[in-house]
Structure formats: C-alpha cells, structure tokens
Amino acid sequence: MAPGRRRHERLRWSKLYTFSCLRPTVVTDDELPHPLQGPGYSRLVHCNQPGLHQKKPLNYCTNHISTTKYNIITFLPKAIFEQFRRVANVYFLLTASLSLTPVTPFSAVSMIAPLAFVVGLSMAKEAMEDWNRFVQDMKVNSRKVSVHNGEGRFGYKHWQEIRVGDVVRVEKDQFFPADLLLLSSSYEDGICYVETMNLDGETNLKVKRSLEVTLPLDGDASFRHFASTIRCEDPNPNLYTFVGNFECEKKVYALDPGQILLRDSKLRNTTYVYGVAIFTGHDSKVMQNATESPSKRSRIEKKMDNIIYVLFTFLILISLISSIGYGVLTKFGMPHWWYLQPSATSYVYDASKPVLSGFYHLLTALILYGYLIPISLYVSIEVVKVLQATFINQDIHMRDEDTGNPAQARTSNLNEELGQVDTILSDKTGTLTCNQMDFLRCSIAGVPYGVGSSEVEIAAVKQIASEVSGTIEQHSSTQDFWEDSGDGFGSPECELEVGIARMVGKPHRPTTKGFSFEDDRLIHGNWAKEPNAGTILVFLRVLALCHTAIAEPNEKTGGFTYEAESPDEAAFLVAAREFGFEFCKRTQSSVFIRERYSPSEDPVEREFKVLNILEFNSKRKRMSVILRDEAGQIILLCKGADRFDLAPKEASFFFFFFFFPPHEPNSIILDRLSKNGRTYEIETIKHLNEYGEAGLRTLALAYRVLDESEYSAWNTEFLKAKTTIGHHREAELERVSDTIERDLILVGATAVEDKLQKGVPQCIDKLAQAGLKIWVLTGDKMETAINIGFACSLLRQGMKQICLSVDSSNILSLNKEKAAKENTLMQITDAHEMVKLEKDPNAAFALIIDGKTLTYALEDDLKNQFLSLAVNCASVICCRVSPKQKALVTRLVKEGTGKTTLAIGDGANDVGMIQEADIGVGISGVEGMQAVMASDFSISQFRFLERLLVVHGHWCYKRIAQMICYFFYKNIAFGLTIFYFEAYTGFSGQSVYDDWYMLLFNVVLTSLPVISLGVFEQDVSSEVCLQFPALYQQGPRNLFFDWYRIFGWMGNGLYSSIAIYFLSIQIFYNQAFRADGQTADMAAVGTSMFTCIVWTVNLQIVLTMSHFTWIQHLFVWGSIATWYLFLIAYGMFSPVISGNAYRILSEALGPAPIYWAATLLATLSCNSPYLVYIAFQRALNPLDHHVIQEIKHYRKDVEDQHMWKRERSKARQRTKIGFTARVDAKIRQLKRKLQKKVSSLSIQTQS
Amino acid sequence: MNSSGGSAAGPSSGSGDGSAPPRRNSKRPKYSKFTQQELPACKPILTPKWVISVFTLVGVIFVPIGIAALMASNNVVEIVDRYDTECIPASMTGDKVAYIQNDTINKICTRNLTVPKDMDQPIYVYYQLDNFYQNHRRYVKSRSDAQLRDADQANKTSGCDPEKTTKDGSPIVPCGLIAWSLFNDTYNFTLGNKNLSVNKNGISWASDRDHKFGKDVYPKNFQNGVLRGGASLDPNKPLNEQEDLIVWMRTAALPTFRKLYGKIHQDLKANDIIMVTLENNYNTYSFNGKKKLVLSTSSWLGGKNDFLGIAYLTIGGLCFFLATAFTVVYLVKPRYWVGY
C-alpha cells in the first residue's frame, strides 16, 4: 500500500473539524433527499454499469471533447461562408463572376486572381488555427486513466473512452477525467484534497468527502459487485452546486457538491480516489462553463465595414449616374455615331433598348469603379497585423527574464484594439499577486519586528521622493523612477531618497519561500534575549500550532513541506520553522513541533494534544485550537482578523461605508480580550494600522489558558452542539465557540504580504495615468481582495468604500430571493445617491461587491443601475465571483459602456472573462495554460501589460487607423479619376488606364509604403510613450479614426482625384504635347495621369509618416521608381501585350517636358492642402504628440529639464487610483492641515 | 486565437506542458534594432522653419516655370479653321448628312487662311474633330494588334466586332471599327501660286511604324463591306507605311482631339494667305461634330496651351501667399511651451 495511506491511517479528520467538510451524512427529517423530479433533474446514472449508458434513453455523451470549428467535410463550405461574410468579399466575388460576361471592362483574370489570393490566404490561416485546436483536443482525449473493466480489475483507458457510470481510479496529482462522484479515497474516512486552480483559480486545497455508505469500496476488488444508481440534476454550468441522490441497497442518500470531483481539478495530497463518472465530456461542469469563443473583431475593423458600406453607397450612386448617363447617350447619341455601327450592336450597346443597355452598363460600372473599394485592404491589413504581432512577440522588454517567456500575440486581429482600451478587468490571484504569502513583519508584545519593506512601501517612498526631487532638484536624474534599478538616486540631500536607496539597493539574499522577514532580534534564536521572551514564545507557538495543515517530509531537503488550506497558514508555518518552531507531525489527536531555542541546541520535540479545532470561516474570521500541552495545561490559541468585520452581526443586512483607519469596535480579536490581556493593545493597534497601510494582510494572535473545569463544562456543551442535527447546527456551534473564545490575552500581530507580482503597483499606476479604469474580479474573499486593493493602490486611505453585500441566510422573509434583490437595489440606489451628492472633486469612491450580491446586481433590471454606480467609482472590486459571473460582469461593462474592455487573468476560471472581453490577455505563468489558450495575447507578467498597451497598443492603433484612412484615400483618389474619364467617353465604361496599371496600383505601386506605415510608423518613441501615458488616451478617444478624420481623408482623396484629372486633361488638351508636333493619345494621357497619381499618393504617405527608417525610404521612393521601371519594362514587351503603351515612356512621354511639368504640378497641388492643414493644426491646435515631438526635436528635454518635467507631470491623466493619486491625496491632506493650523493661528492672534 | 471555450477550459494544461519551457526558450527573441523597432530614423516634423521654407521654395520654383511655359505657349502661332459648316453647298445645308453620304457630289472645297504672325518651320497640319467619341469602349476595343503586326495572324480578329470579316468569312485587314472609320478628308495648300508640300512622313511614332504595324501586312478586304466607313487604304502599301492609319489608330483620350495630318517644311510670313483645297469627305454631320483644320508651330512644350503656365503661376503665387500667411501665424502665435 502507498506510504501516504499508512501515514494517515489513524486520522479521522471528521472528528477534529468543526464546521466545514463534515456534516452528518445520515438523512434526517429536515434534510430529505431532494425530490428530484421534473425538468432539470432527469439524469440517471447506473454506477459501474457503463454499458447501460450506451443505448437510449440514457445515451449520454462520451468523454470525447472537440473544440474545433470545422472538420474535413465542413471546412470548405463553412470557411468559405466565413470569408464571404465580409461584404467586400461578396462584392468582389460578384464582380469576378461578372468579369466572365461581356459587360466587363477588364479582363477576367485581373478580377479573379486577386480575389482567389485574398480568400485563399485567409482560409489557409483559418485551417492552420483549427488544426492546432484539433491537436490540442487529441492530446487531452488520449490521456490515460485507470478504469474498472469488470471483475474487479482496473485497466488504463483513454479519457475519451470513459462513459457515464464508469468507475475510475485517479492517482495523486492526476486530473479528474470527468465529473466524478467520490466513492472512497486512500484516507480511511473518504476525504481527499482537490486543487481547483483550473476551475476557479484558487490554489488552496479543498476537502471533498465521500458518503459514509461508499466508504467500504476500498480497493480494486471491491468494485466487482458494486452497483447503485444516482439520480441528479442535468448538466449545468454551475460549479458550486450539485443536487442529487445516491441510491444504494434501497436506501436514498442526498448528495451535495462536497462529493463531486470536477473535471480538470487535480487530486492532491491523497494517494488515490475511486469515483464514478456522472457527467462526461461536454456535459461536465467545466465544459458547460466554457462559453462559445466568439470570434473577435476590433472596433476599427467594424468601423471599417461601415466605411465600406459608405463607399458602396457611393459606388452604387456613381454607377447609377453613369448608367443613366449611358442610357441617355445610347438612346439619343448612339444612333448618330455611325463610326460605332449602331445597327450592328449587341445587347450591351443596343440603342433601341436603352434601359436594358443601361442596366448592363450598371454592372459594368460596378466593376469599373471597384477601385473605390480596396480589395487589397484586407490582405494588407492582415499582413500588417501579422508583422505587428511579430514585433510584439519579439519585444525584449516584455520577456520574462526568469522564464524566458516572451509576450505573445496569439491572434493578430486585435493589435489596434490594444490602443483603445478603456477598462481593464483583472483577475487577482496569479495575475496581480503571485499567490505566495510572505511573512514580513510582526508585532509581539507591542514591539514591532521586521525591517523589510513591503513593495507598496518601497514604491510609495520612491514616488514621493521623486515628487520631492522633482520640485526641489531641477537637475536630478530624469530617469524614470520606475525603471530606476535603485543604485543611483541622485540627490543625497534628500533623506527620503537615502532611505529608499538603502531599501532598494540592499542585495536580496536568498530567502525561503514564504518568508522574507528580516530582523536579527528574532532569528537565529536571538528572540530569547529579548525582554519579552515569554510572550514571544507564546507568539511563536501560536504560529506553529494554530492551523489545520499537514506536514509532509520532504525527501530532498530533509525538512517538511506544508499542505495548508490557505497560503497564509503555510507562510506562518514556514515563519515558525525559521524561528525555530518546526511543525513536524500531526496525528489524529496531537500536533508535534520541534522547538529549538538557540542554533546550537538540539531541537526538543513537544507534543500538544489537540482537543478541539474551531475552524476559520468567513463569518467568524478567526480560528482557534484548544490544546493540552505536555504539562497538562489547557490552552486556547486564537488567531483572527483584526481589522474590520464585514460579516453581518445581528442585523440581517448590513451596509455601511467605512473609512480607514478602521475603528476598533469592528475588530474580531480585540473585542474578545480580557481586561488584563490588553497590555499591548494600543501599540498593537498602532502597528496593525501601519501594516494595513503598507498593504499587508494582518492577523492578531491571542491565547487563553483554560482551567480544567471550565473546559470540560464547555466541551460538553460543544459536543452537544456538534451532534445537533439540522440547520441549527452551525449557528449553535458558532454560538458555543463564541463562548470560549473570550477573555483572550493579546500576544501580537502578524503581517503577511500577499506577494504582488513584480511591478504590479507601478504598472497599475501607469495604467491609471493613461486613463484606464481597472476592475478587479476575484474568486477570493472580500478581505483578501481589499488587502490587495490597498497593496496595488486601487484603494487608499481617504477613499470612500462602498461595500455591497447581502446575506440572504439571515433573511427571515419568506421570499428570500426577492428580499435580497430588493435589498441589493436599495444599497445600489443609496450608494448612487451618495456618489452624486459628493461635492469634493477629489473624492474617490471604491465599490466592493461580493459574488452573491453580484448575482442580483447582474440581473436584467438591476444591472444598469449597478453599472452606472460602478463607472462613477474610481475602482471596483468584485469578490467571490464565479467564472461565469466574471464573464457576465465583463459583458455588462462591454455592452453597458460601449467601450473597449480588456480582461486579464491566468487561470481556467478566467477563460470566460477573457473570451467575453474585447481583448483577452492570458498570463503565461505557473498555472495551467487554459487562460493562455483562450486569450488573444499572452504575457508572462502583469507588468508587461503597460508596455503592451501604452507602447504597442498606442502604436498599433495609430498605425492601423492611419493605414486604413490612407487606403481609402488612395483608392478614392484613383477610382474617381476613372469615373470622370468615363463621363468623357459617353459613359461607355472605357478606362483611360491600361489594365496592367490598374492591377499594379494596389498590388505593387502603393502597397509597400502603406504596409511600412502600418508596421513601422512611430509618432513618438517607446520611451516617450511610457513617459507620457496620457498619450494613450488618443486611442480610447478615437482621435485618429473618427468620422471627421475618415471623411477628411476621403475629401482629400476626392480633391486629389479632381485635381489630377482636370489638370491632366487641361494640360494635354488637344494641342501637340511635344516639340515635334504629336498630339497625346489616350495612352499618353492615361499614363501621365497615372504618374501623377502614383506620385501624389506616395508623397501623401510621406507627409503622413513621421518616422523614416531606411525601410520607409526604400519603400516609398522605391514604389515611385518601380512605376517608371515598370513603364520602361512594359514598353519593351511586344506591342501585342503592351498595346498603345508600347515604348510610351522612352519614346513618347519621357522626352516631353510637359509630362514632367504636369507631374510636378499635379503632385504638389494635390498634396499642398494637406500640408497646409497639418501645418495649421500644429501651429494653432496641436495634439499631444505634436508637442512632444517638438520638444524632442528641439532637444528641450536635454536643455530644459524643468520644462521637460513639467510637461511630463502634465501628461498624466487625472486619476484617482494608483500611487500618484495616493501621493496627491497625501499632499492635499497636508495642505488642509496646514491651512487649519494657519487659520487657527490667525484666530488666536485675533483674539 | 479562437480556441473555443472547450479547449480552453478543457484540461489542456496539465502534464502535457512539461516540454514547454525548453521550447519557449528556443523562441527567445534576439535583440536587434530591427525587432525592437529601434532602427535609426529621421523624424522630420513641420517646424515653422520648414513650413515657410517649403512654401517659399515651391513658389520660387513654380513661378519661373509658369512664366517660361506661358512664354512658350505665346510663341506658338496657330491657325484654326472650321470648315465643315462652310464647305457645304448652300442648297444642302438643310440636309448635311445626305450631302456627305452622297458619293456623287463633288466634295472639293477651297478655304483661304491668313497667317497672323510669322510661322517658322516646321508647321504642323492637324485636323481636329469635335464630339467624336474615339474613346468609346466599343470603339477602343475594336482592333487587333496581333493582326496589324504579323501577316500570319490575319485571322486574329476576335476583338474586332462588328468589323471582323467579310460576308464570306475571310478576315478584314485591318479589322475593327477604328480602322474602318479612318478619317478621309484631304488637304492641299498653296501659298500664292506655289504649292506648299505637305510631308506626311514621320507623323506617326517611330515605334508604331517599326514594331506595331507590320512591314509585310497589306490591307485585305478593307472597306469592302456593306457599310462604307472612312478612307480606303492602298492594298499595295504595307501597313507600316500607311501613316494616316497609324496616327488614327492612336485613339484620342477626349471627344475633342487633333491628329497630325502632315508637316510643312517652309516658313510662313505674317499676312501670307494660304489657300487650302480640301475634300470634305468625312461624315461629322450625323453626330453634329465639327471639323477643323489647324496649322501650328510648336515650342519646346508643344502646341499652344496657356493652361500649364497659368496653373504654375497660380500655385506658385499661392505658395508665396501661404509662406507669408504662416510667417504671420507663427509670429502671432508662437508655440506656447508651457502646456496644452
């Protein structure tokens, strides 16, 4: 048997735990099994008889999962359908098919080839992506698990072969292949530990427990004759509920979520479990939770569709004009145009049927003016985005040094959307925090220990220092203080900075995970020399004893690893070990610790008998153990929340705004102190507040010595309460526990840092300065979330917190749901009122809401009120939200505000939100890859989000916006000349240009410059982007792609087309265009006109770009050169191919000065209005980046530090969250104090 | 990208990703100025200095060009004579079409042109047609370059509708509407009593004669159909010598166009009177077209057209104005550095 089994043999946890996992499993009167009738409760599972589930009516789906969009048969039709959902593609398909008929003005190949290319490319991309999904699915489906195959033997099977009813055996650290009902485990009492990180992102282990009745099913052989049935709910996405009955030997047992092992969670700390599959494959809860991943398109692309509609309308309009013109001319002119032989015409030119001819001409015109709709736009955009994505992937500044993970743009569709984000919805655990607790400080007997600084403090001091140095010192380092690695903080005059330099510059010594405590007074056994050694001893014992963790010997290091329910507890144990109190063993009745009072001594192993464990839960917010030490003394050790109490007390609802620092009456532990236990209270409270301000998670520790009689009296009562049956049990237990947890003696307090990921507060600060709103959605408890809020500066002192919380369990009303909902509404309206009444412009509100309340708030009739409240708050934190709720909140923000949302998370529980948001960002950290797989971008640390948005997002947005505008411009400028010319040809549909010119225009002559604009353009460098986060707002405000700008560009195109056309035809009117008397024919006019267009559009892009590397120069000037080269080359082809363009440049146009003069004139007159416009804009109404460009250009940043700094501080978006806001608030506070002092002084002097 | 929820929520992580780190490490981005988007770049911005100098420069360049172009155009002497209305016997003015279509009537007509200024040789003779859609799609397409070039390709008449073949199916060379409607008025000039010879050689592009119209391609079945179009061609002259056809086949861009008829290699003095004897054969009456005879000298810019010069002067002037305007703007409102 496995060693774990032996080790835990004598452990019956059920005896120790008070509340959570172990309620009586016998069916009692008031806990009747759910009737399980009617719709929604139809599932019937025959355990151990999977065969029954292979035929109707119980033919549930297999465990095979498939997430691909296509299969081999459906790929072509479906993918083609996808492609032709783009209106432009439909149009091009239409024109391509028309090009096979006589109405076409161009050759068929020139119409079909580009379309085939465009569609083919996109479809190949789709196929690649789907193939990758298929491979991924196959990997999952072919994982193996041990399955009962009858006769009491187990064999390995692929996951996909598991059917409902199969009994499976899952080993330690394996994933559950389907939703299982836990039957038994390697532990005697059928409990097992489960890690649900992939489901809800929580890393602490959950305890699951089997029914008593299935406990004997222990060992492979016992399943030989096992048979029973389960009736339960139908597949649903709710992870936290389960309703069902287990029927065995004619008895019915109620099932609850405590027995269900969900697919994708992991068995931890338990050697094996047996379970029976209830929901398989797509029926499993996690798969039900998976929302269909929407194909995302960026805002700009959606708007681009609208532009294309506008252009279509325009296209149809001019086509109508030209076909009416044609009809009229055909009717009245054609019969007289003998040179066209009107008597011998086909239907296209039939003068006797002008309407019909006009109709055919409409088709011709639609093809002819197709150049208004840029077919190469989609391809170019796709190319540009792929290249942009490559740059994102390659960015060395977004690569995690430790893991080497680069940032990854998993889809290139959304690059420009990164520049328009308005709201960030962030997961907490694993995203903002590393999910690692570090024991940082403690206060024992009123003495603070621990000199290490929390990241919050370091960053805050740095910030303040830089503000100070910014105002005092003009010539100090201009380096960005965030990027400053801490070695050179310029001005030694400033004490603050010295402090930081010390803090930051100190070399980080290798520390134990979970322990970054630094204070020589306590470690290495030095604590014994402290004056309060006795109290310190108690303190350390509380750390080492008051928990529910299990110690496992670690073979490698020879020490112990601790499996705790929460990371805090693990941190305490690690801390206790470092201090010399090593928790080494837990048995059914005792906890063993090894105490070492000085490094030289050998440790003494002490055994403490565990009498009772009064567990932690969210209502009690404290936990106690009652122990008997070796001397026989009974002690109660207690640790608990010190700060504030969010749990309802007597009132069924609670709703209040609280201001920091918290007031003592809300404290859990401090309320329960005995009179003589309050020796250190004042100091401890002071320290607790300090720790809280530093963003640390604090707990107060206390103890109490019980005398035998008191304990035994209490214990009888407690046992009675424990055996109470029914729903009063918990309340009863709580009440009894409460009676013993009194008259405590305060020992001290701990401060644990929920380790934020590197650079998170700074990143949040920068993002806030960039004008982004940040919402935190976490599955964590409210306190934890609030702590993190403080640590990240999403919350700060002086911020008014609005907590929305409804506790329906205490509602006595008959209709609980309704009452709770009404209550939620009431809270929202009140809060809203308060926000509205606030006069102080600097006042900031924070909204904190818990999952249950959110359920009501997200209902259709409340959600808008909730949203309008939330958008008025500077920061929003949602706690205890389920994955589905995360997605719902995201949808609410996305749809309610109509602005771009970005969701960032790392766990499978964030998948819904990541998919729902406009942009999903996955953190490719330690946890699974689900979030990354579902995301559009993946980064390895939260802090890279800043660069991703502020640099790449900003660039990509501007690039794509300018690129699309330019695309429309150039196609209008070109396409309309065809229209004007047509009017001069009797609307006959003749083009002045050679077919080849037109084909080349989009593909060769203008494509590369616009791609270089889309890929390489930088309005300002990346450093400047980071220094001026407010520049980012150009994206969310959509300054570069609003209708004014789009129509401006179109107008520019219109003007250019008119100018080029009419200048050209006036210049080449009818006189000789050369000294030797030849007049210009159509080829000469067309070629000259086309030359003007090539020059104009390429010069226009030069004016648009502000960043020229050799690549841009090569592309732009190369494109123009290509045009001339092409003309020469084309002119050298046989005249059968080149027609009238034969030797056109070398013979006809090249030697003609008028040709060059026309090019110069047309080009400059087309481009000068834009030049005038941008010059005026820059002079009179400059945009932010104009000013910054000029500062950089004049090297003001080097010459005039003062101004540079001032500009930078101006370039911040006004923000209410982040450090900057914190510092601002502090400054305001100081000013106010000063004013008060002054005024009181003046009053004094007056009186 | 669109990994649908399934795979996302599916247990795709797990042990399968054990091989991930080394794979990722191999993807470690390499530092290069290109990949980091830090290539050296010039970042021109429109500073006042630039704006003013650009506009001034454009003005400085454009105004002289405009003056030169205007002068060139002014030096060109041009005689334009519309004769289609005059060359109709008074009796037939009521039915011009009948007149022109009646082959029996003599179409000879005489015009006298006065030379306004001295004209230096060469003097180019053009005919100008108005309202003639040589750029109509049906017309432009109706030709076969292959056939014109190569005697072996005489059957390639696919684009030549409706003037492809004779009734018995043999191909027309040159086929198509363009050739069929060849202009057929003729001009003869006399100055005093001396004949002014019109040189019809070299009026077309050399490349057309050498490469586009074959040396060994002779007209076949031309103008033999039911409908008679324009001029006939000498079946014994290869196409590359039929320069009138070559010029005509260069379709004009606009419905009003001139085509070179010939050159007169003789200087003319002011007030010389030239007598033109012309055959008014070509039917422009059907579609109310005009016919003009043009005699013109040429400058380095070609024929007489003031437009280019005026346009250059306008733009140049405008640029000077803009340069001034911007100077004022920058003086009145210099960049306010203290904020925005």
Side-chain angles (χ1 to χ4, degrees), chain A residues 65 67 133 136 139-140 175 264 286 290-291 293 295 336-341 344 349 394 396 404-406 410-411 908 911 928-930 933-934 984-986 988-990 1066-1067 1069-1075 1077 1079 1081-1082 1085 1107-1109 1135-1136 1143 1147 1154 1165 1175 1178-1179 1187 1189 1193, chain B residues 1-14 16-17 24-25 28-29 31 35 37 39 41-43 45-46 51 124 133 135-140 145-146 162 181 207 211-212 250-254 256-258 260 286-287 298 300-305 307-308 311 315 329 339-340:
Chain A
I65 58 158
T67 57
R133 279 192 285 269
Q136 193 78 41
K139 234 192 227 165
V140 173
F175 287 98
D264 277 1
V286 67
T291 41
S293 105
S295 59
H336 307 296
W337 298 341
W338 59 268
Y339 50 88
L340 297 178
Q341 294 199 2
Y349 303 101
Q394 300 268 327
I396 217 152
N405 284 356
R410 298 175 44 78
T411 163
V911 166
M929 292 291 284
Q930 282 89 335
M933 298 304 295
Y984 281 75
T985 65
S988 63
Q990 177 59 40
Q1066 284 302 317
I1067 290 169
Y1069 184 53
N1070 58 11
Q1071 86 288 8
F1073 78 103
R1074 285 169 50 127
T1079 53
D1081 66 335
M1082 210 158 87
V1085 174
H1107 184 86
F1108 292 89
T1109 65
V1136 177
R1143 297 210 174 154
E1147 189 185 20
I1154 207 167
S1165 42
R1178 215 176 245 284
V1187 180
Q1189 282 172 347
H1193 180 79
Chain B
M1 49 182 284
N2 294 327
S3 109
S4 83
S7 89
S12 32
S13 76
D17 297 308
R24 276 198 214 111
N25 280 346
R28 173 175 302 226
Y31 178 81
T35 57
Q37 309 189 49
L39 283 177
C42 68
K43 301 170 187 173
I45 59 169
L46 278 181
V51 174
Y124 298 97
Y133 286 98
N135 55 13
H136 197 281
R137 182 153 67 101
R138 179 170 164 84
Y139 190 82
V140 171
D145 282 332
S181 59
S207 64
H211 301 281
K212 224 174 195 164
R250 283 269 179 181
T251 46
L254 299 172
T256 299
F257 59 90
R258 282 177 196 175
L260 197 53
S286 300
F287 51 85
S298 80
W300 57 277
L301 267 180
K304 190 174 189 64
N305 187 349
F307 182 79
L308 188 71
I315 301 282
V329 167
Y340 44 91

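Lettering of chains follows the sequences in order, A, B, ..., and the numbering in each one begins at 1.
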K.L.:
Under 4.5 Å heavy-atom distance to chain A, tell me which part of B/Ile315 shows up: side chain, backbone, both or neither.
P.N.:
side chain
K.L.:
Please give me the minimum heavy-atom distance between A/His1193 and B/Lys43, naming the atom from each residue.
P.N.:
ND1-O, 4.4 Å
K.L.:
Please examine the side chains of A/Tyr1069 and B/Phe307, heavy atoms only from C-beta on, and report whether any two atoms are closer than 4.5 Å.
P.N.:
no
K.L.:
For each of A/Ser1165, A/Gly1077, A/Ala1179, tally heavy-atom pairs with chain B at distances under 4.5 Å, and name the one with the top tally.
P.N.:
A/Gly1077
K.L.:
Can you confirm whether B/Ile45 sits close enough to A/Arg1178 that some side-chain heavy atom of one is under 4.5 Å from a side-chain heavy atom of the other?
P.N.:
yes
K.L.:
For residues B/Asn305 and A/Gln1066, report the shortest heavy-atom separation together with the two atoms involved.
P.N.:
ND2-O, 2.8 Å
K.L.:
Could you list the residues that satisfy ring pair (Phe, Tyr, Trp, His ring centres under 6.0 Å) with B/Phe257, not counting sequence neighbours?
P.N.:
B/Phe132
K.L.:
Find the distance between NE2 (A/His1107) and CG (B/Leu39) and round it off to the nearest 0.5 Å.
P.N.:
7.0 Å
K.L.:
Please state whether the side chain, the backbone, both or neither of B/Lys304 comes within less than 4.5 Å of a heavy atom of chain A.
P.N.:
backbone
K.L.:
Side chain, backbone, both or neither: which part of B/Phe287 has a non-hydrogen atom closer than 4.5 Å to chain A?
P.N.:
both
K.L.:
Main chain of B/Arg258, side chain of A/Thr1079: is a donor-acceptor contact present, judged purely on distance under 3.5 Å?
P.N.:
yes
K.L.:
Among B/Leu260, B/Val51, B/Thr251, which residue has the highest count of heavy-atom pairs closer than 4.5 Å to chain A?
P.N.:
B/Thr251
K.L.:
Residues two or more places apart in sequence or in another chain: which of them pass side chain to side chain donor-acceptor pair (under 3.5 Å) with A/Asp1081?
P.N.:
B/Arg250
K.L.:
Counting only non-hydrogen atoms closer than 4.5 Å, does A/Arg1074 touch chain B with its backbone (N, CA, C, O), its side chain (CB onward), both, or neither?
P.N.:
both
K.L.:
Assign the ring pair B/Tyr139 / A/Tyr339 to parallel, tilted or perpendicular, where the plane angle (0 to 90°) is split at 30° and 60°.
P.N.:
perpendicular
K.L.:
Keeping the roles fixed (side chain from B/Asn135, backbone from A/Gln990), state whether a donor-acceptor pair exists under 3.5 Å.
P.N.:
no
K.L.:
If every non-hydrogen atom of B/Tyr133 is compared with every non-hydrogen atom of A/Gly986, which pair is closest and at what distance?
P.N.:
CE2-N, 3.3 Å
K.L.:
Provide the closest heavy-atom pair for B/Ser286 versus A/His336 in the form atom of the first, atom of the second, distance.
P.N.:
O-CB, 3.2 Å
K.L.:
To the closest 0.5 Å, what do you measure between OG1 (A/Thr1109) and CD (B/Gln37)?
P.N.:
10.5 Å
K.L.:
For the interface with chain B, which of A/Gln1071, A/Arg1143, A/Gln341 has the highest count of heavy-atom pairs at distances below 4.5 Å?
P.N.:
A/Gln341
K.L.:
Counting heavy-atom pairs under 4.5 Å to chain A, which of B/Leu301, B/Leu254, B/Val329, B/Thr256 comes out on top?
P.N.:
B/Leu301
K.L.:
For B/His136 versus A/Thr985, what's the shortest heavy-atom pair and its separation?
P.N.:
CD2-O, 3.8 Å
K.L.:
Taking all atoms of both residues into account, what is the closest heavy-atom pair of A/Val1136 and B/Asp145, and its distance?
P.N.:
CA-CB, 4.4 Å
